Amino acid sequence: MEKMQREKIVEVLTRVDYGASVLVKGWVRSRRGNKTVQFIVLNDGSCMSGIQIVADLNVFQEEALKKVTTGACIAVQGSLVASPGKGQQVELNASNIEVLGEADPMTYPLQKKGHSLEYLREIAHLRPRTNTFGAIFRMRHHMSMAIHQFFHERGFFYFHTPIITASDCEGAGQMFQVTTLNLYDLKKDESGSIDYSNDFYGRQASLTVSGQLEGELGAMALGSIYTFGPTFRAENSNTPRHLSEFWMIEPEVAFNEIEENMQLAEDFIKYCIRWALEHCTEDLNFLSSMYDKELLERLRFVVDNSFVRLTYTEGVSILEAAVANGHTFEYPVYWGADLASEHERYLVEKHFKKPVILTDYPKEIKSFYMKQNDDGKTVRAMDVLFPKIGEIIGGSQREESLEKLERRAAEMGVPTKDIWWYLETRKFGTAPHSGFGLGFERLMLFVTGMSNIRDVIPFPRTPRNAEF
RNA sequence: UCUUCAGUAGCUCAGUCGGUUAGAGCAUCUGACUGUUAAUCAGAGGGUCGUAGGUUCAAGUCCUACCUGAAGAGCCA
């Protein structure tokens, strides 16, 4: 084969310079045909569509096409022609086909017919080659770009918080320990505690459960920052909405109060969804047709309507009214109770039928760092609740008073000695500030219409599952 | 972690009240077909019924434990 520049199928499909000689490389999705002509659908991942390769058997020996099987990788040189068949604008009349990598049809796990998502999870190393996961992972990229673009446009700085941390007071869940100690020969002191003085960091260390505390340090210097990185929770959560390793976006803004924080959250989510509608049309249409017919409608609805904002207290009143009218919940509703998912779902899906931002929760059920309201009972927390997926964002205005912060930490039994540096932001030049955290995969669930979080990250990490 | 459901061919599933040799579609292979669109048509091969015990004359089917998966719940993003 003469030396040519390989072209991406996404580009070739838009071309109209018929007769041009083109080289494409990709993986065979299917081959069909008869004694005269064979059709090969070739996909290189650059877009959902494959290009149809036409192999005239006057040009090719049937034997030469034997290795062109589903899953094989081939390079095809041919001339671009307008397709006489239905279903595609252009196709490639092959003049040369080279098999770069064979795929034994007897053992190749992907067939051209559909597979269940559960089965594809077991072959996560190959599922990116399917239409569904090609679409999802292309969208994952686009959503990442949207996030950076949104914050960059608004003057936020991408701030890198550490993945390994020695503080355990976020209260966000169980942590994975990081150690180089010999687990077969752990040294313990008289009280039976493990001696970490010889560990890598000279102290106990873990994978981060949130970059928020360090993010606040950035905000108190750079003004507006965001983080976007992996986060780890060692919770034994087995649900379609939890991963033990997931990606989180955490903006933090100096001088923002809770209202501005809410506006930022709403603008941010809408920006991302609008970006998906504009940049991922082909993939969205596929996912919509295959998995969720109302997907596009739901995305447009969220973009076009403002989120409902109400306080926890108002939310509880609505739920209590529902109970009075005969609606039954499994868990009781009363002021002070943490809302169960059935309660959140009722507000979002039954009562308001649109995204809801709940604010001003009882201080007892929220973290120590949230700004205390003057009523002495509530804090300036905010949760953004979405249809289908529940809580997509959790955030708050932060307590800027050192005294109040320390008192609350003590009341809640939070060990603050490891976060003296965090407290010093309140000691030196403290300022009102706010931020929130958004689970990237939860956003992905919403924009793709997928229902299991294990299907929107290439290699999901969940309890008892770290394959690939 | 709790509750419920499921595990039978490469994949998706059927298998009746416990009863003879384990069924289908798709995939794969072989053949047919002059442009197909998840092509079509004909034929063939393909099984440790999740694992280990137990009940029974007899277990894919009933019981127990465990493993794996899914849904819901809790925890949370």
Side-chain angles (χ1 to χ4, degrees), chain A residues 29-41 49-58 62 66 69-71 81 83-88 91 93 103-123 130-131 170-174 209-212 230-250 265 290 329-331 338-345 365-367 383-386 389-395 436-446 451-457 462-465 467:
Chain A
R29 286 294 174 78
S30 80
R31 177 162 68 91
R32 53 181 175 260
N34 53 46
K35 277 247 159 58
T36 317
V37 61
Q38 293 270 309
F39 302 94
I40 302 159
V41 177
S49 306
I51 191 166
Q52 175 156 281
I53 309 294
V54 183
D56 189 333
L57 289 179
N58 293 319
E62 208 174 335
K66 268 258 163 62
T69 57
T70 301
V81 296
S83 177
K86 289 174 186 160
Q88 60 278 319
E91 61 189 26
N93 265 338
D104 175 12
M106 298 290 279
T107 52
Y108 185 62
L110 288 171
Q111 46 191 54
K112 44 190 167 181
K113 298 264 177 170
H115 292 288
S116 68
L117 294 169
E118 289 83 357
Y119 172 66
L120 291 172
R121 269 171 228 152
E122 294 171 9
I123 50 167
T130 63
N131 284 337
E170 232 289 276
Q174 286 290 112
V209 293
S210 164
Q212 181 199 316
T231 314
F232 308 88
R233 306 264 168 101
E235 297 286 351
N236 190 10
S237 297
N238 295 286
T239 84
R241 296 177 308 281
H242 290 86
L243 294 165
S244 55
E245 175 182 307
F246 63 101
W247 288 63
M248 194 150 63
I249 298 104
E250 295 178 290
M290 292 295 286
F329 292 111
E330 193 183 336
Y331 291 88
D338 209 349
L339 298 183
S341 23
E342 58 172 343
H343 304 133
E344 296 178 347
R345 268 209 314 277
I365 59 175
K366 290 291 178 185
S367 302
D383 284 1
V384 181
L385 309 177
F386 255 49
I389 53 175
E391 185 181 338
I392 192 169
I393 279 180
F436 60 82
L438 173 136
F440 184 50
E441 285 75 19
R442 296 247 173 112
L443 177 66
M444 285 297 300
L445 277 180
F446 189 75
S451 46
N452 192 309
I453 203 163
R454 299 172 183 107
D455 296 330
V456 296
I457 186 169
T462 52
R464 297 181 307 281
N465 182 14
E467 192 70 60

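From a predicted model like this one, the values you see are computed outputs, not experimental measurements.
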Is there a side-chain contact between [X] and [Y], using heavy atoms and a 4.5 Å cut-off?
X: A/L57; Y: A/Q38; value: yes
X: A/N131; Y: A/M290; value: no
X: A/V81; Y: A/E91; value: yes
X: A/L243; Y: A/I457; value: yes
X: A/T70; Y: A/Q111; value: no
X: A/K35; Y: A/E62; value: yes

For the side chain of [X] and the base of [N], is some donor closer than 3.5 Å to an acceptor across the two?
X: A/Q38; N: B/U36; result: no
X: A/R442; N: B/C76; result: yes
X: A/N34; N: B/U36; result: no
X: A/S237; N: B/C76; result: no
X: A/E91; N: B/G35; result: yes
X: A/Q111; N: B/U12; result: no

Roughly, in whole Å, what's the span from [atom1] in [X] to [atom2] in [N]?
X: A/K86; N: B/A38; atom1: NZ; atom2: P; result: 13 Å
X: A/E467; N: B/G69; atom1: CD; atom2: C1'; result: 15 Å
X: A/K112; N: B/U12; atom1: NZ; atom2: P; result: 19 Å
X: A/E342; N: B/C75; atom1: CD; atom2: P; result: 11 Å
X: A/L57; N: B/C33; atom1: CG; atom2: C1'; result: 13 Å
X: A/E122; N: B/U68; atom1: CD; atom2: P; result: 12 Å
X: A/H115; N: B/C26; atom1: NE2; atom2: P; result: 15 Å
X: A/R31; N: B/U40; atom1: CZ; atom2: P; result: 15 Å

Mapping A/L438 and A/T36 to their closest nucleotides on RNA chain B, which lands nearer the 5' end? A/T36
5' priority, RNA chain B, between A/F39 and A/G437 [closest heavy atom]: A/F39
So what does [X] touch, heavy atoms closer than 4.0 Å: a base, only the sugar-phosphate, or nothing?
X: A/R345; value: sugar-phosphate
X: A/R29; value: nothing
X: A/P84; value: base
X: A/G390; value: nothing
X: A/G33; value: base
X: A/L110; value: nothing
X: A/Q88; value: base
X: A/F386; value: nothing
X: A/Q52; value: base
X: A/S83; value: base
X: A/N238; value: base

Answer yes if the ring centres of A/F329 and A/H343 are under 6.0 angstrom apart, and no otherwise. yes
So which atom in A/I393 and which in A/A265 form the shortest heavy-atom distance, rounded to 0.1 Å? CD1-CB, 3.9 Å
Correct closest heavy-atom pair for A/E235 and A/Q174 would be OE2-N, 3.0 Å
Can you tell me, in whole Å, how much space there is between the [atom1] of [N] and that of [M]?
N: B/C66; M: B/G72; atom1: P; answer: 24 Å
N: B/A70; M: B/U8; atom1: P; answer: 15 Å
N: B/G60; M: B/U51; atom1: P; answer: 11 Å

Pairing string of RNA chain B (Watson-Crick or G-U wobble, both atom distances under 3.5 Å; | = paired to other strand) is (((((((..((((.....[...)))).(((((.......))))).....(((((..]....))))))))))))....
Consider only side-chain N and O atoms of A/T231 and A/R233, and report whether a donor and an acceptor are under 3.5 Å apart. no
Considering only heavy side-chain atoms of A/Y331, the closest of B/A73, B/U12, B/U28 is B/A73
Within residues 239-247 of chain A, find the residues that approach RNA chain B with a heavy atom at under 4.0 Å, and present them sorted by residue number. A/T239, A/P240, A/R241, A/H242, A/L243, A/F246
So A/L110 and A/Y108, side chain to side chain contact (heavy atoms under 4.5 Å, CB included) or not? Walk me through it. CA-CA 6 Å; A/L110 288 171; A/Y108 185 62; 3.4 Å; yes
Is the phosphate of B/U68, meaning OP1 or OP2, less than 4.0 Å from a side-chain N or O of A/N465? no
